[in-house]
Enquirer: 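Once you've had a glance at the structure underneath, I'll fire off some questions.
Chain naming here is simple, since letters A, B, ... match the order of the sequence lines and numbering starts at 1 in each.
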Protein chains: 2
Amino acid sequence: MSPRRADPRTRPALVDIAARLLAEEGPQALSTRRLATEADSSTMAVYTHFGGMSGLVREIVHEGFARLQRHLTHVRQTDDPVADMALLGRAYRHNALANPHLYAVMFGGASLAGFSLTEEDRQHGRYTLGNVVKCATRCFEAGRFRAEDAELVAHQMWSAIHGLVTLELGDYLIAPYDAERCFEAQLTALMISSGDDLDSAARSVALSKERMPLEVEG
Amino acid sequence: MSPRRADPRTRPALVDIAARLLAEEGPQALSTRRLATEADSSTMAVYTHFGGMSGLVREIVHEGFARLQRHLTHVRQTDDPVADMALLGRAYRHNALANPHLYAVMFGGASLAGFSLTEEDRQHGRYTLGNVVKCATRCFEAGRFRAEDAELVAHQMWSAIHGLVTLELGDYLIAPYDAERCFEAQLTALMISSGDDLDSAARSVALSKERMPLEVEG
DNA sequence: GCTTAAAACATATCGGCGTTATGTAATACT
DNA sequence: AGTATTACATAACGCCGATATGTTTTAAGC
């Protein structure tokens, strides 16, 4: 009374193929039949391994959050915590722009397609705020931010930058108020509203821009 | 050589039904067959009047932007332009929460389903920024905001509040950092980053909260 | 080592989707 | 009155997710 073993290659293969299809062709390329074709199997594989299409999507969303987490963790701490914070914002945006379809599914897929994320799934998203919270605390300790709730500051960063990124991905930000310009302004504004000086904020944001290509990559 | 006249009731009926279905049951309830059933017609009506499902969706998105525009226009000017600005933010959020599925299609539908918005469609969205730009200018003139680019300020408001609203609609904001709390903080932070005093900003935001139920309705 | 239960898959099918092809009825101009 | 043109109905095509029903493989129990 023992079951047949699954081919250990099929499950990760399905995830890989699905992630590639999502990245290259968008969400409408994610179908059981397409996956079966690309994986040289039948549509049933998706059901045995993930219980359906939404299960596979959830798996990919998990990976998306993990990738975001990795991006944020790669930002090193320096003696300018405000610049570190700005770099966290840049890393967040960089990750979203590098995986636009995935990002759309992570944050917009809940209400749109049939895909509905679990509360546990969303917890993954909130977990990535930890890096930002820690950085905000360091900004307090350095006297750069008003001593307020670090988590609240993190949520403000998240909202503002997430909003900018989604507008950017939706092509709502065009010249002369393009995403680049709005983003730089947004970063500075966030630091100012958290208590930093106008000049210090501008300096730190500029500094984070120089560190950008070195510490953030896909 | 003259055509048959369309029943003048069918087209608006389709839009009404579609809007209701979207609001009550979400985007997956929008299907040609479902519409045909509800309108007691055939699936062809959608094609003759809108050229397909996406055309009908675009029509509804237009209406969504018009409704948003109406909400923002109903905010009256007072002698406290910062409170007016905060009330614009409240009206924006109120509209989004009152029509969550529609809002999701307006800003997230581009990349997700098959629906793709035209550049003209997006222009409707940007047009609603006009109210905010005007209000920002009044904040400059009142000496409450640093004299900077009014359109840039409007874009920052938009990004930040849009981001908060999408996170809220995606159930990413939960207690103790729920949407209500984050939103109030976000409003104040936006006023501060634009140049207003900490205390004045808090006062104006509080003032806007009192005006809220009177001037903003669905 | 055979039996057997259970899991991994394949095949076929169902209902639903957007869309298109084809047919029919109605209208307003020539 | 004739006719072109459009509105709409019906039916079909090719997708989709999902399920039901085999079929094969595996490992545990005897």
Enquirer: Figure out the CZ/P separation between A/R11 and C/dC9, and round it to whole Å.
Expert: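 Whole-Å distance recorded here is 12 Å.
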Enquirer: Considering every strand and a 4.0 Å limit on heavy-atom distances, what is the contact class for A/L35: base, sugar-phosphate, or nothing?
Expert: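 The answer is nothing, as A/L35 stays clear of every strand by at least 4.0 Å.
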Enquirer: In whole angstroms, how far is the P atom of D/dA18 from the CD atom of B/Q28?
Expert: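 Roughly 12 Å, once rounded to whole Å.
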Enquirer: Going by an N to O cut-off under 4.0 Å, is there a salt bridge joining A/R93 and A/E180?
Expert: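 Result for this pair is yes, salt bridge flagged.
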Enquirer: Looking at the side chain of A/M53, which of D/dT19, D/dA18, D/dC8 is the nearest nucleotide?
Expert: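 The listed nucleotide nearest to A/M53's side chain is D/dA18.
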Enquirer: Looking at every strand, decide which applies to B/S42 at a 4.0 Å heavy-atom threshold: base, sugar-phosphate, or nothing.
Expert: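 Counting heavy atoms under 4.0 Å across all strands, the contact made by B/S42 includes a base.
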Enquirer: Please determine whether a side-chain nitrogen or oxygen atom of A/H49 lies at a distance below 4.0 Å from atom OP1 or OP2 of C/dA7.
Expert: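 For C/dA7, OP1/OP2 do not have a side-chain N/O of A/H49 under 4.0 Å.
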Enquirer: Ignoring backbone atoms, test whether A/S2 places a side-chain nitrogen or oxygen under 4.0 Å from the OP1 or OP2 oxygen of D/dG29.
Expert: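 For A/S2, the contact criterion (side-chain N or O under 4.0 Å from OP1 or OP2 of D/dG29) is not met.
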Enquirer: Between B/P3 and B/R33, which residue's closest nucleotide on DNA chain C lies nearer the 5′ terminus?
Expert: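 Comparing both residues, the 5'-ward one is B/R33.
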Enquirer: Whole angstrom is fine here: how far is it from CZ in A/R34 over to P in D/dA18?
Expert: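 Checked: the CZ to P distance equals 18 Å.
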Enquirer: What's the closest nucleotide to the side chain of B/R4 if the choices are D/dA27, C/dG18, D/dC8?
Expert: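 For B/R4, the side-chain atoms sit closest to D/dC8.
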Enquirer: Between A/Y172 and B/H155, does any side-chain donor sit less than 3.5 Å from a side-chain acceptor?
Expert: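 No, B/H155 and A/Y172 have no side-chain donor paired with an acceptor closer than 3.5 Å.
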Enquirer: Taking CG from A/L14 and C1' from D/dG17, how many angstroms apart are they, rounded to a whole number?
Expert: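 A/L14 atom CG is separated from D/dG17 atom C1' by 15 Å.
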Enquirer: Below 30° counts as parallel, above 60° as perpendicular, anything between as tilted: where do the rings of A/F65 and A/F107 land?
Expert: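 Taking A/F107 first and then A/F65, their aromatic rings stand perpendicular (interplane angle over 60°).
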Enquirer: With no hydrogens and no angle check, do the side chains of A/T118 and A/D121 hold a donor and an acceptor under 3.5 Å apart?
Expert: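 A/T118 vs A/D121: donor-acceptor pair found between side chains.
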Enquirer: Could you check how far CE of B/M44 sits from C1' of C/dT22, rounded to whole Å?
Expert: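 So the two atoms are 10 Å apart, to the nearest Å.
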Enquirer: Among C/dT27, C/dC9, D/dA27, find the nucleotide with the atom closest to the side chain of A/R5.
Expert: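 From the listed options, D/dA27 comes nearest.
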Enquirer: Within the pair A/T32 and D/dA18, is there a side-chain N or O less than 4.0 Å away from OP1 or OP2?
Expert: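 The answer is no; no side-chain N or O of A/T32 sits under 4.0 Å from OP1 or OP2.
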Enquirer: Can you find a side-chain donor-acceptor pair between A/Y103 and A/N95 that sits under 3.5 Å?
Expert: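 There is no such pair (donor and acceptor under 3.5 Å, judged by atom type) between the side chains of A/Y103 and A/N95.
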Enquirer: Heavy atoms only, 4.0 Å cut-off, all strands: where does A/L56 land among base, sugar-phosphate and nothing?
Expert: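 Nothing, no nucleic acid heavy atom in range.
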Enquirer: Is a salt bridge present between A/R20 and A/E25, judged by a nitrogen-to-oxygen distance below 4.0 Å?
Expert: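 Not counted as a salt bridge, because no side-chain N and carboxylate O are separated by less than 4.0 Å.
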Enquirer: Expressed as a whole number of angstroms, how long is the span from B/D40:CG to D/dC8:P?
Expert: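 After rounding, the reported distance stands at 13 Å.
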Enquirer: Roughly how many Å is it from CZ in B/F50 to C1' in D/dA7, rounded to a whole number?
Expert: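 Going from CZ in B/F50 over to C1' in D/dA7 covers 14 Å.
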Enquirer: With heavy atoms under 4.0 Å as the rule, sort A/A45 into base, sugar-phosphate or nothing.
Expert: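 If one applies the 4.0 Å heavy-atom cut-off, A/A45 turns out to touch nothing in the nucleic acid.
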Enquirer: For C/dT20, does OP1 or OP2 lie under 4.0 Å from any side-chain N or O of B/Y47?
Expert: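 Answer no for this pair, as no side-chain N or O of B/Y47 is under 4.0 Å from OP1 or OP2.
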Enquirer: Would you mind reading off the distance between A/L30 atom CG and D/dC15 atom P, rounded to a whole angstrom?
Expert: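 About 17 Å, once rounded to whole Å.
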Enquirer: At less than 4.0 Å, is any side-chain N or O atom of B/S31 found next to OP1 or OP2 of C/dC17? Yes or no.
Expert: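 So the side chain of B/S31 is within the cut-off, an N or O lying under 4.0 Å from OP1 or OP2 of C/dC17.
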